> 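Below you'll find the structure I mean.
Since the model is a prediction, treat every value here as computed from it, not as a measurement. Letters A, B, ... mirror the listed sequences (proteins, then strands); counts begin at 1.
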Amino acid sequence: MISILETYGAMLFTALGKTLLMTLLSLIFAMVIGMIFGLMNVGHNRVFNFIGTFYVDAVRGVPLIVLAYFIYFGVPAGIQGIGFSNFRLDALQAGTIALSMNCGAYMAEIIRAGIESVDRGQMEAGRSLGLPYGTCMALIVVPQAVRTMIPSIINQFIITLKDTSILSVIGFPELTNVGKTIVGNTFRSLETWAIIGVMYMVVIVTLSKAAKWVERRVNRGR
Amino acid sequence: MADKQYRNQMTDNTCKIHVTNLKKNFGGLEVLKDISLDVTEGEVVVLLGPSGSGKSTLLRCLNQLETATSGRIIIDGHDVTDRHTDINKVRENIGMVFQHFNLFNHLTVMENMTLAPVHLKVASKEQAKQTAVQLLQRVGLEDKSEAYPSQLSGGQKQRVAIARALAMKPDIMLFDEPTSALDPEMVGEVLAVMKELARDGMTMVVVTHEIGFAREVADRVIFMEGGYIVEEGSPEELILHPREPRTIDFLSKVL
């Protein structure tokens with residue numbers, strides 16, 4: 001085990017950095033996607049409701065690994081096919097798109113549920129004072145919804161971090177992918193996967209503790 | 001003929017609320033069947049009736065929290081049933097108080113009261129704060145401006161809710177069962193604030209089960225049942241000498 005860490009330590013930590021980079025990028029995009037489609041599902045506009053529901057159902061209905069293959073291999077092939085022969089997506093781009101879309105669908109549901117958990121009377125009180133719908137949403141409903149959404153968002157954050165390992169299949173050198181390389185070179189599965197497992201675990205436990213702390217801080221002002 | 005009458009009402013500036021042939025359906029359910037009603041400036045109108053009679057729905061149609069299925073509602077000369085009317089502008093002038101208070105739970109009392117006036121540029125931040133302090137004094141809660149709603153009793157919450165509505169300096173106040181969710185010992189403090197408001201000449205439409213309040217404060221009492229106005233008159237006439245059997249029956253149950 002020591003020898004693996006000596007030889008491959010730097011490589012493992014670089015890979016961990018890439019895992020975190022992809023997670024962070026995906027979460028930021030997923031938040032935006034989730035906001036857009038989540039809010040579409042909250043209002044009573046039928047067209048928006050249809051688009052929001054369609055997105056969530058479509059993305060949740062496809063396994064992440066299939067989505068990743070589709071975006072990494074399928075989409076560039078299609079775009080090259082219509083004449084843009086230089087079009088490529090590297091593994092980080094394709095992986096981030098796939099993960100953002102996937103996480104965004106779950107985020108949309110978290111945001112929708114969070115907003116719907118706020119009593120209807122809050123919106124009505126705001127509207128009765130003459131405030132427009134969007135203002136009521138932004139200043140009254142969403143701030144209250146965020147509190148109930150925090151535990152689910154933390155959970156989604158952890159799931160997304162773990163899901164980056166699925167993207168090892170398209171060759172992005174994140175932690176799991178690098179693990180395969182190390183095992184391929186050394187044939188020492190037990191130690192390698194144990195080290196990688198511990199690395200994931202340390203990061204995830206640290207993050208969830210930190211997030212719990214944030215959650216307590218936010219709820220204190222009630 | 002009807003049109004002419006309508007125009008007359010529009011130009012009559014003492015008429016604050018003018019409702020003609022209002023109907024409201026929820027899906028297949030007809031909640032308001034044919035309501036016509038005028039409220040003049042400074043008048044206090046109390047709506048009585050059994051639950052499901054449509055009183056709250058009527059009240060909520062007045063500021064379009066419920067959209068009317070048909071009919072016309074003119075508030076201060078603005079047709080709120082007309083799509084082209086800027087409903088937010090009209091609502092600035094109509095305060096509403098809800099059964100369950102609906103204070104903004106994430107904001108302090110002061111922030112609850114200044115949010116709308118500041119955001120809608122009715123007042124500067126400083127002015128809005130000043131107004132809020134005055135209003136809180138008026139409802140006897142000047143020491144609660146930095147409290148969160150969760151730290152207040154029901155009666156205090158409702159008084160803040162009234163003050164919040166008044167912070168927009170409305171001409172009309174709507175009350176939707178303002179004391180129904182309160183513990184009995186807190187009903188009095190909220191009614192006292194409402195009485196004072198009535199004395200100061202506010203135009204008020206109140207849905208309530210407080211017959212005593214209706215007798216003491218109302219200029220006119222309206223009894224509703226099944227989506228219709230069954231009977232209306234002065235508190236004297238309607239509460240002490242009701243004519244319609246349905247009114248008599250209802251009052252015998254609640255008095």
> Determine whether B/Asn88 and A/Leu131 satisfy the following criterion, side-chain contact (heavy atoms from CB on, under 4.5 Å), listing intermediate values before the conclusion.
CA-CA 6 Å; B/Asn88 292 329; A/Leu131 294 166; over 6 Å; no
> Is any side-chain heavy atom of B/Leu65 closer than 4.5 Å to a side-chain heavy atom of A/Arg127?
yes
> Given a strict heavy-atom distance threshold of 4.5 Å, which part of B/Phe98 is in contact with chain A: side chain, backbone, both, or neither?
side chain
> Has the side chain of B/Asn102 got a donor or acceptor atom that lies under 3.5 Å from a matching backbone atom of A/Ala125?
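Such a contact is absent between B/Asn102 side chain and A/Ala125 backbone.
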> Mark yes when over 12 heavy atoms from residues, nucleotides or ligands other than B/Phe26 sit less than 6.0 Å from its CZ; otherwise mark no.
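Yes, CZ of B/Phe26 has more than 12 neighbouring heavy atoms, counting only those of other groups under 6.0 Å.
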> How far apart are the C-alpha atoms of A/Ile140 and B/Leu107, what are their side-chain angles, what is the distance that settles it, and do they pass the side-chain contact (heavy atoms from CB on, under 4.5 Å) test?
CA-CA 9 Å; A/Ile140 298 165; B/Leu107 302 177; 5.6 Å; no
> Between A/Gln122 and B/Asn105, what is the shortest heavy-atom contact and its length?
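Taking A/Gln122 first and B/Asn105 second, the nearest heavy atoms are NE2-ND2, 3.5 Å.
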> Check this for me: A/Lys18, atom NZ, are more than 12 non-hydrogen atoms of other residues, nucleotides or ligands nearer than 6.0 Å?
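Incorrect, the count does not exceed 12.
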> With a 4.5 angstrom heavy-atom cut-off, is it the side chain or the backbone of B/Leu174 that approaches chain A, or both, or neither?
neither
> Measure B/Arg164 against the heavy atoms of chain A and call it side chain, backbone, both or neither at under 4.5 Å.
both
> For B/Ile94, which atoms come within 4.5 Å of any heavy atom of chain A: side chain, backbone, both, or neither?
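It is the backbone, since no side chain atom gets that close.
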> I'd like to know whether CZ of A/Phe70 has more than 12 heavy-atom contacts from other residues, nucleotides or ligands below 6.0 angstrom.
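Count not over threshold, so no.
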> Considering residues, nucleotides and ligands other than B/Lys169, do more than 12 of their heavy atoms fall under 6.0 Å from its NZ?
no
> Would you compute the distance between atom OG of A/Ser128 and atom CG of B/Asp176 and round it to the nearest 0.5 angstrom?
11.0 Å
> For A/Phe87, I'd like to know if atom CZ has over 12 heavy atoms of other residues, nucleotides or ligands within 6.0 Å.
yes
> Just give me the residue among A/Val141, A/Leu139, A/Leu129, A/Thr135 that pairs up with chain B most often, heavy atom to heavy atom, under 4.5 Å.
A/Leu129
> With a 4.5 Å cut-off on heavy-atom pairs, point out which of B/Asn63, B/Val122, B/Leu103 contacts chain A the most.
B/Leu103
> Looking at side-chain heavy atoms only, is the closest gap between A/Arg147 and B/His106 below 4.5 Å?
yes
> Of the backbone (N, CA, C, O) and the side chain (C-beta and beyond), which part of B/His119 lies under 4.5 Å from a heavy atom of chain A, both, or neither?
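Just the side chain, heavy atoms under 4.5 Å.
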> Check whether more than 12 heavy atoms from other residues, nucleotides or ligands sit under 6.0 Å from atom OH of A/Tyr200, and answer yes or no.
yes
> Any side-chain heavy atom of A/Glu124 within less than 4.5 Å of one from B/Arg60?
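Answer yes - side chains close enough.
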